Amino acid sequence: MELEGLKRSIRYLEEMMHIKIKDLVTDRHSSIKKFMRTEQGTTNHLFDVWHVAKGISKKLEAAAKKSGSKDIRPWIKSIVNHIYWISSSCGTNGDLKLAKWRSIVNHISNKHENHSILYPRCEHPPITVDRQWLSEGSVPYKRLKDIVESRYLLVDVPKLSPVYQTYSLEVFHSLVNHFCPKSTHFFYPTMLARLSIAAIHYNENSGRQQAKTKTGEQRFSMCYPKAKKGTEAVVKPKKTATTFVYVTLIKQAVVERRREEFTSYTSATGDVHVYNNHHPDHMTSTFTPFRKIDLIQRHRSRFQRQ
Ligand SMILES: [Zn+2]
């Protein structure tokens, strides 16, 4: 689905809208990576930093659970912060991103110099407080090093997106789940209408600013991240209230169409029928059909054997 969606979106933007795509930011879906590498060579493929950070933190969490490796845990947060810093501090310089990333294996063992030509020393001020340094060659050190230097990461880190991320797209997807719940089946015209409403709602509300109190102070809301199981809390900027101006506009448009285009009930329903009949075939229509009678036969014989 991801790949087909991407192909259609690119086709739409390039062939119908005549837009040349210079950069594309996605998650690290393997079929997308392959497609971009082999068929979209002129477009710069970049990765969303949140997705990369999430993948790394999952791997580190799993490694920290292995025997003798609990000392990895205190480093996870710093490494995730480091990846965000890399993505925002290197512009489009992929080699520098990689050099900064690889310096981690030195930093965790209390070595802050002689990393590489591109990134010779850490940029943090001298560390005076004691950290849980991992001694070179220890089990947690080796496990952490294996993750930092894993083949996939070394290929992906240089492509961390410096500016644009996919966060707003994730927000749109959760909005789609709200307008088109997955637990309910919708036929094509309904689905199309609901997706359109989700897009209109998103366009009206995606640029909301942070709300302020009467005295002009910025408002925040408390949030307990699910993965932290109540051990941590963060605040998020509270946005101004959602607006629904589009609802009034749609109602006005309906009344206008009724007055100007559909002067009778028959003409209106006729249009709806045309619309309802223009939908793609079922997903199963491309499969070779089975005979229902054979399936019933097979079902019965299997049932009798038991
Ligand atoms: Zn350092």
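Computed from a predicted model, the values in this text were never measured in an experiment. Both counts, for ligands and for their atoms, begin at 1 and track the order of listing.
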ask   = Quick one: are L144 and L60 in side-chain contact, heavy atoms under 4.5 Å?
value = yes
inquiry  = Would you say the rings of W133 and H107 are close, in the sense that their centroids are separated by under 6.0 Å?
reply    = yes
message = Checking E15 against I10 for the side chain to side chain contact (heavy atoms under 4.5 Å, CB included) test, could you report, in this order, the C-alpha distance in whole Å, the side-chain angles of both residues, the deciding distance, and whether it holds?
response = CA-CA 8 Å; E15 289 171 21; I10 290 178; over 6 Å; no
ask   = In H124, the N, O or S atom nearest to the Zn ion (ligand 1) is which?
value = NE2
key: H107 atom (N/O/S) at minimal separation from the Zn ion (ligand 1)   = ND1
remark   = In H112, the N/O/S atom nearest the Zn ion (ligand 1) carries the name ND1
message = Do C180 and F186 have side chains that approach each other closer than 4.5 Å (heavy atoms only, starting at C-beta)?
response = yes
